[in-house]
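Before any comments, here is the structure.
Everything numeric here is computed off the predicted structure, so don't read it as measured data.
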Amino acid sequence: MSTLVPALRVGSAVSVSLKYVSLCVLVIQTTTLVLTMRYSRTSGVADRLYLSSTAVFLAEILKMFICLVVIRFLEASSILGLWKLLNEEVFTKPKELLKLSIPAILYTIQNNLLFIALSLLDAATYQVTYQLKILTTAIFSVFLLQKSLVRVQWGALVLLMIGVALVQMPSSSDSQTAHRPFSIIGLLAVLCACCSSGFSGVYFEKILKGSKQSLWIRNVQLAFGGILFGLVGVFTNDYQAVMEHGFLQGYNTLTWITICLQACGGLVIGVVVKYADNILKGFATSVSLVLSAVVSFYVLKDLHPSPYFLAGASLVIFATLLYSRPPPQKLRAHGNTIL
Ligand code: C5P
């Protein structure tokens, strides 16, 4: 008993630090992704645009490859051991594969919907409406995970959503903002993506935390579905274009960097969901949006901070602090709901 208590303390200290490390890595990863995407939009564009469905598919392949490498070094002693493990945990458990095919198909649809939305809506409308996923995630966390949030935390989530929306508003002098006519299909695409993001994230969290299977095996199961449905996406959306101009048409170095960052981002999200939760993930990505804008202003010097940005950034920081400071009785009763 006396040795058990310190061991438990060390275990929980390790998982608390993994929680903060994974959240910080997510902030850095999202910041880099946002900056790369912004740079890829403003720097020289190839004569033919790459097909988003092929990029979504290749990101899934890369995710699968990284997961297999991680499992080989963390959980299996050899390639043969890896094969045996996959056989035991993946191929002979079709029920588990089927369970993970729900978020896999939703994520594939979501990843494709976001590309559609981006081509129909202007960037500001897209980014502002996509913040609704912060609320859909909280609502699904309450219903599927029975997470309890106090009123202050709901308030913090609403402030966070408004803050991120303001941060992403273009200033009137922002010449790079393309104004497109309002598109109901674009808006519906983002709203569906918000629901899918909230549901799939929380569903994956429930499966991950409700069983003993490792995160990496779960990721392999998810990537299986992702690859399959991603391929279906390529053939249903872009069969003709692939046949005419090839699978990798319009690819350049930035496309590959974006695919790598997207794949790594997905895997970091898995780690964050394991050690923290989906709501904290929302805070981490919001903080990183502020951070990437600050880097843009002061390091890349490509934009100027607008009053919207300053108000939004203050709200994001305030909301993050507010959410992380629940009342003392909440601290004792629901240790898992706080930052
Ligand atoms: O916007 P949202 O946070 O819902 O995006 C989640 C992204 O992370 C999706 O692109 C999804 O494919 C990816 N993901 C992943 N592996 C996980 C969880 C999410 O690749 N375990």
Side-chain angles (χ1 to χ4, degrees), residues 19 22-24 26-27 29-31 33-34 103 106-107 109-111 113-114 117-118 121 123-169 186-206 265-266 268-273 275-293 308-309 311-326 334 336-339:
K19 170 174 159 177
S22 62
L23 284 167
C24 289
L26 183 63
V27 170
Q29 189 277 334
T30 314
T31 308
L33 183 63
V34 169
L106 286 176
Y107 274 140
I109 296 173
Q110 172 186 330
N111 292 338
L113 276 179
L114 291 179
L118 256 175
L121 297 174
T125 313
Y126 162 83
Q127 278 162 331
V128 169
T129 40
Y130 195 38
Q131 300 322 316
L132 259 181
K133 72 177 179 172
I134 293 173
L135 281 190
T136 56
T137 301
I139 292 168
F140 282 116
S141 297
V142 168
F143 285 111
L144 293 182
L145 297 173
Q146 277 78 47
K147 220 157 233 173
S148 51
L149 298 181
V150 286
R151 217 177 295 159
V152 175
Q153 288 176 309
W154 282 112
L157 286 169
V158 173
L159 287 182
L160 181 73
M161 206 182 76
I162 299 172
V164 181
L166 283 175
V167 161
Q168 319 239 8
M169 290 277 241
L187 198 66
L188 280 178
V190 184
L191 293 179
C192 291
C194 288
C195 294
S196 156
S197 170
F199 176 79
S200 312
V202 174
Y203 180 94
F204 185 77
E205 183 177 342
K206 191 175 167 78
V268 174
I269 285 177
V271 179
V272 166
V273 167
Y275 293 104
D277 64 34
N278 273 289
I279 300 182
L280 292 182
K281 183 200 95 188
F283 278 91
T285 40
S286 306
V287 169
S288 72
L289 289 176
V290 173
L291 206 63
S292 56
Y308 288 135
F309 173 80
S314 315
L315 263 186
V316 168
I317 293 162
F318 177 66
T320 309
L321 294 175
L322 193 64
Y323 186 85
S324 63
R325 300 223 170 275
H334 298 286
N336 65 333
T337 61
I338 56 163
L339 197 66

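Counting heavy atoms from C-beta outward, I134 and S286 have side chains that approach closer than 4.5 Å. Contact check for F283 versus L157: side-chain heavy atoms found under the 4.5 Å cut-off. The side-chain heavy atoms of V202 and D277, taken from C-beta on, include no pair separated by under 4.5 Å. Proximity of F140 to L145: side-chain heavy atoms (C-beta onward) are nowhere separated by under 4.5 Å. Side-chain contact between V167 and Y308 is absent, with no heavy atoms from C-beta onward closer than 4.5 Å. Side chains of L280 and K19 form a contact here, defined as non-hydrogen atoms less than 4.5 Å apart. Considering only heavy atoms from C-beta on, V152 stays 4.5 Å or farther from Y323 through its side chain.
Rounding to the nearest 0.5 Å places CG of L322 at 10.5 Å from CG of L160.
Listed here is the closest heavy atom pair of A117 and G186: CB-O, 3.9 Å. For C192 against L113, the heavy-atom pair with the smallest separation is CB-CD1, 3.7 Å. Nearest heavy-atom pair across V164 and V316 is N-CG2, 3.7 Å. C194 approaches K133 most closely through the heavy-atom pair SG-N, 3.7 Å.
In terms of modelled atom types and a separation under 3.5 Å, the side chain of Q110 and the main chain of S197 share a donor-acceptor contact. Between the N278 side chain and the G201 main chain, a donor and an acceptor come within less than 3.5 Å of each other.
A salt bridge is defined here as a Lys NZ or Arg NE, NH1 or NH2 lying under 4.0 Å from an Asp or Glu carboxylate O, and E205 with K147 meets this definition.
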